[in-house]
Student: 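Here you go, one structure.
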Amino acid sequence: MLKKYDKFFSGFEMEAYKLFGAHIKDGGMEFTVWAPHAHKIEVMTSKDAYTIRTPMKKIDERGVWQAYIADMEPVYAYQYRIYKNEFTYHDKFDPYAYMFEKRNNSKSVMYNIDYYKFSDDKYTAKRTNDYSEPVNIYEAHLGGFKKYENEFETYRNLKKDLIPYLKDMGYTHLELMPMFEYPFDGSWGYQSLGFLAATSRYGTPYDLMDLINECHLNGIGVIFDVVFVHFATDAYGLANYDFGPCYEYREQHLAYSDWGTLCFDFTSGPVNSFLMSCADFLISKYHVDGLRFDAVSHLIYHKGNRDMGVNVAGQDFTKRINHHLKEKFPNCMLIAEDSTDYANVTKPVCYGGLGFDYKWDLGWMNDTLKYYAMDPIYRQYHHNMLTFSMAYFYSERFLLPFSHDEVVHSKATIVNKMWGLYDDKFRQCRNLYVYMYTHTGKKLNFMGNEIGSFREFDEQKQLDWFLTDEYDKHEQFQLLCKDLNKMYLENEAFYKYDYDTSRFRWIDADNYQLSLYSYYRFDDKNCFVTILNMTPNQYEDFQIGVPFAGTYYEVINSENEIYGGCNMRNVEPIRSHKQKANRLENSIKVRIAPFAGIVLRVKLSKDKLDAYFNPEAKKTAKKKETVKKEAAPKAKKTCKKEATK
C-alpha cells in the first residue's frame, strides 16, 4: 500500500504544495516541511513583537516534519528553526510558502491561496496550444515597465496601464520575467528563492491573480518565465537547508553554477517533485497559460557545457515535467530558452524529444543582429547570415526572440545596434522589424523595443515613455510596430502555416551584389511578397518575379512617411506581367527606397491555389481551355447553319 509521501520521494508528485507548507486546518494552521538531516525543528510564528516557538514532530522516517497550531489565522509571518544538534541551529524560510515578507525581510507569510475567484472561464475554455494560432509575445519586467509611487501597488496599477497598451498594440501574450520571490533586485528574478511565492515587491498573490484575470478578460495570455536550473544562495533559503544538501547536488563541481548560485539536484526525487509542483501550481492556481524555461542548455549539458557531458538527470527531469504537464494541461504552452543545437527539443517526449512546444531561435537572433550592425558595404560578403535560418528552421518549432538579454550589459538596445547615425539606425530598425514579422515563426519582443529605446534596460527605472511624446522618430517607429502587429494578426499567412514547408518560398535569396532579399508567404486568401533592401541604394522599376499573376497592393513600406521614412512608395496598384524573372512565370516592377522593407499583397482564388500545388492540373485545365476555345467557332458555325435551316 502506497504511503502518503511515496510519490513525492519517487519524484512524480505534481501537487506537493498540498502536502507541504502552511495550510488552514480545523480552525488552526498545519505546518509540514521536508528536512531529512535535521536533529529537530521548531516552527516560529510571529505577529507584531511576539514570537511563538512550536516543536515539530517527525511523521515520516524519510524526513517529513509536521506541527499543528490551533486557533491561528493565516496572517502571521513564520520560519523554521532547524537544529543540527541540541546547540547548533539556523532559521530557514518555508520552501512551499505562497508569500514572503517584502524585501529586505525574509520570513514566510501564511496565505490562503484559494480565496481568490477567477472570472476567466470563457478565455480558459478557448485556450489552445494550436501551433497554427498567432503568438506575438510582449516580454516585460513588471517593476521596469512603469514606476509607481507605491511599489507595492504595481500589480493593481498595471491593470489600467499595461493591459490597455498590450491590447492597443496588438500583442497576444504577456511574458513576465521571473515572478518567484527573489532577494536581489538586480537579478531580475533569475536568482530565485521562493518558487511558489510571487514576489511581494509589487503586491499580494491576489493582486497578481487579478492582473492575470484581467489579461484573460481582454484576450491576452500570460506566460511565466521559470528558473528550474538553479537558486540563490542566501542563508535563509534552500542552500544547505537542514545542514545538509537537500536541494543542491552533493558534488561540489556540480553544485555551483557559473552565476554563483546553486544547481538543483535532478537525481533527487523530492527535488523533481518540488519543481514539478511549482509548475503545476502556477498553472492550477494562477491560471498561467505558458511557461518559458530559462537556461535549458544547463538541463541538456552539465552547466550548459557540451564538454562536461550530457546532463542525463537534467534531461530526464525535463522529459518528466513536460510529459506530465502536457498530460494534465494539454493546452499549456511550454517554451525552451535553449542556446544549443541539441536535436528534438520540440519533439514530444513519447517520440524521444524533450517535449517543448517552442524553442527560442537564438541563432536567428544572433545572425540577424550582427548583420544589421554591419556597414552596408560589407553586407554582400555576409549575405547568407539572413538566409541561413531557413536552412534549419523546420527542424524545430522556433520562436523569434528579441528579448531582455539583447538590451542589457552594454550590448546596446535593438535600435542602437543598427549601423550608422540616428536616421540610419531608424531606417534599418524599421527594415529589421518588417523582416521579423514576415519571417516564419512566433514572435517575442522585450518591452521598449517597440518605442526604439536607446537606453538599456534598468530595473530601477521605468521605460522612457517620454520618447514617443517628444520625438517623432520614436512615435513613428511605435506606429510601424503597431501596424506590423495588426498585419500579423489579421492575416493567416503570417502565423497559420509557420511550420508548413510549402507556405514559404524564396524569390531571390542570392542577390548578394545588391544585398536585396525577396520571399513570399501565403494562406488560402492572400499571398504576401516581402522585399528587403539592405543598402542605401534606391531603385525605380525594379523587376521581381512573383508566384501568382494578379494585382499587387503595398501593405507595408518601412519608408512610408508616417513611419518617418522618405515616402518613396508604391502608391498605385502593381499589375503583374507574363514575363519571367527569378525563375517565376510572372513579374512586377517595384519602387524600392534605401533600406526599405516592403510587403505586397495579391488576392488568391481557389483555382490559383489548385494550379500552384498541382501544376499538372494547371496544364490539363489550360489544354481544356484551348480545346474549348478552338471548338467555340465550329460550334458557332453549326448553330448558325442549323438556324438558317
Side-chain angles (χ1 to χ4, degrees), residues 5 8 15-60 63-84 88-116 152 180-183 192-201 203-208 231-232 234-243 246-247 270 274 277-278 281 285:
Y5 298 100
F8 171 76
E15 297 181 341
Y17 53 87
K18 293 181 179 179
L19 301 176
F20 297 92
H23 298 278
I24 299 172
K25 184 178 180 181
D26 301 329
M29 294 296 295
E30 184 178 76
F31 300 86
T32 311
V33 66
W34 173 61
H37 307 104
H39 174 68
K40 70 175 181 179
I41 305 177
E42 297 169 340
V43 57
M44 302 172 63
T45 55
S46 58
K47 186 182 181 184
D48 301 324
Y50 300 96
T51 299
I52 302 171
R53 291 163 55 180
T54 305
M56 302 187 77
K57 181 181 178 182
K58 198 174 192 178
I59 63 169
D60 189 293
V64 180
W65 299 74
Q66 195 171 81
Y68 176 74
I69 304 176
D71 301 321
M72 175 175 281
E73 296 179 2
V75 293
Y76 293 83
Y78 70 101
Q79 57 188 164
Y80 296 121
R81 177 156 289 179
I82 301 176
Y83 287 81
K84 182 179 182 180
T88 307
Y89 65 84
H90 57 203
D91 296 334
K92 291 284 189 174
F93 74 171
D94 183 354
Y96 288 88
Y98 299 149
M99 186 177 177
F100 289 88
E101 294 179 314
K102 189 177 178 182
R103 67 178 189 322
N104 296 312
N105 296 318
S106 59
K107 293 180 181 177
S108 306
V109 176
M110 303 173 203
Y111 203 86
N112 180 9
I113 201 73
D114 297 315
Y115 179 77
Y116 185 85
F152 196 69
F180 297 137
E181 193 59 81
Y182 57 99
S192 305
L193 278 179
F195 284 76
L196 286 97
T199 179
S200 57
R201 287 167 172 77
T204 69
Y206 293 151
D207 292 335
L208 177 55
F231 57 90
D234 295 65
Y236 62 88
L238 298 174
N240 197 36
Y241 191 72
D242 57 1
F243 293 96
C246 289
Y247 294 89
F274 172 67
S277 297
C278 292
F281 179 79
K285 299 300 183 181

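Computed from a predicted model, the values in this text were never measured in an experiment. Reckoned from all heavy atoms, side chains included, excluding hydrogens, waters and symmetry mates.
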Student: For the side chain of Gln79 and the backbone of Lys107, is there at least one donor-acceptor N/O pair under 3.5 Å apart?
Tutor: no

Student: Could you grab the distance from atom CG of Asp26 to atom OH of Tyr68, nearest 0.5 Å is fine?
Tutor: 5.0 Å

Student: Could you go through Tyr5 and Thr32, starting from their C-alpha distance and side-chain angles, then the distance that decides it, and tell me whether this counts as side chain to side chain contact (heavy atoms under 4.5 Å, CB included)?
Tutor: CA-CA 12 Å; Tyr5 298 100; Thr32 311; 3.9 Å; yes

Student: For residues Tyr111 and Pro205, report the shortest heavy-atom separation together with the two atoms involved.
Tutor: CZ-CD, 3.6 Å

Student: Nearest 0.5 Å, please: how far is CD1 in Ile24 from CD1 in Ile113?
Tutor: 11.0 Å

Student: Keeping the roles fixed (side chain from Lys92, backbone from Ala235), state whether a donor-acceptor pair exists under 3.5 Å.
Tutor: yes

Student: Sequence neighbours left out, what passes salt bridge (Lys or Arg N to Asp or Glu O under 4.0 Å) with Asp91? Give chain and number order.
Tutor: Arg81

Student: Of all the heavy-atom pairs spanning Asp242 and Ala35, show the shortest one and how long it is.
Tutor: OD2-C, 2.9 Å

Student: So which atom in Phe31 and which in Thr45 form the shortest heavy-atom distance, rounded to 0.1 Å?
Tutor: CZ-CG2, 4.0 Å

Student: Calculate, to the nearest 0.5 Å, the distance between atoms CG and CZ belonging to Leu196 and Phe20 respectively.
Tutor: 12.0 Å

Student: Out of curiosity, Met72 CE to Lys25 NZ, how far, rounded to the nearest 0.5 Å?
Tutor: 15.5 Å

Student: Short question: side chain of His90, backbone of Tyr241 - any donor-acceptor pair under 3.5 Å?
Tutor: yes

Student: Among Tyr96, Phe8, Trp34, which residue meets the ring-ring contact (aromatic ring centres under 6.0 Å, His included) test with Phe274?
Tutor: Tyr96

Student: Using the benzene-type ring in the case of Trp, are the ring centres of Phe281 and Tyr98 under 6.0 Å apart?
Tutor: yes

Student: Is the backbone N or O of Asp94 less than 3.5 Å from a side-chain atom of Ser108, with the two atoms forming a donor-acceptor pair by type?
Tutor: yes

Student: Are the side chain of Tyr89 and the backbone N or O of Glu42 linked by a donor-acceptor pair below 3.5 Å?
Tutor: no

Student: Could you tell me which residues satisfy ring-ring contact (aromatic ring centres under 6.0 Å, His included) with Phe100, sequence neighbours excluded, listed by chain and number?
Tutor: Phe93

Student: Looking only at atom types and distance, does a side-chain atom of His23 sit under 3.5 Å from a main-chain N or O of Tyr17, one as donor and one as acceptor?
Tutor: yes

Student: Give the minimum heavy-atom separation between Ala38 and Trp65, together with the two atoms involved.
Tutor: O-CZ2, 3.6 Å

Student: Nearest heavy-atom pair of Tyr236 and Pro183: which atoms, and what distance?
Tutor: OH-CB, 3.6 Å

Student: What's the verdict on side chain to side chain contact (heavy atoms under 4.5 Å, CB included) for Phe195 and Leu238, showing C-alpha distance, side-chain angles and the deciding distance?
Tutor: CA-CA 10 Å; Phe195 284 76; Leu238 298 174; 4.1 Å; yes

Student: Determine whether Ile69 and Val43 make a side-chain contact, defined as any pair of heavy atoms from C-beta on separated by less than 4.5 Å.
Tutor: yes

Student: Just one of Met99, Lys102, Arg201, Arg103 clears the side-chain contact (heavy atoms from CB on, under 4.5 Å) bar with Glu181, so which one?
Tutor: Arg201

Student: Rounded to the nearest 0.5 Å, how far apart are CE of Met44 and OH of Tyr80?
Tutor: 13.0 Å

Student: Give, for atom OG of Ser46 and atom OH of Tyr76, the distance between the pair rounded to the nearest 0.5 Å.
Tutor: 9.5 Å

Student: Tell me whether the NZ or CZ atom of Lys40 lies within the 45° cone about the ring axis of Tyr83 and under 6.0 Å from its centre.
Tutor: yes

Student: Identify the two heavy atoms, one from Ala16 and one from Ser277, that lie closest to each other, and give their separation to 0.1 Å.
Tutor: N-OG, 2.8 Å

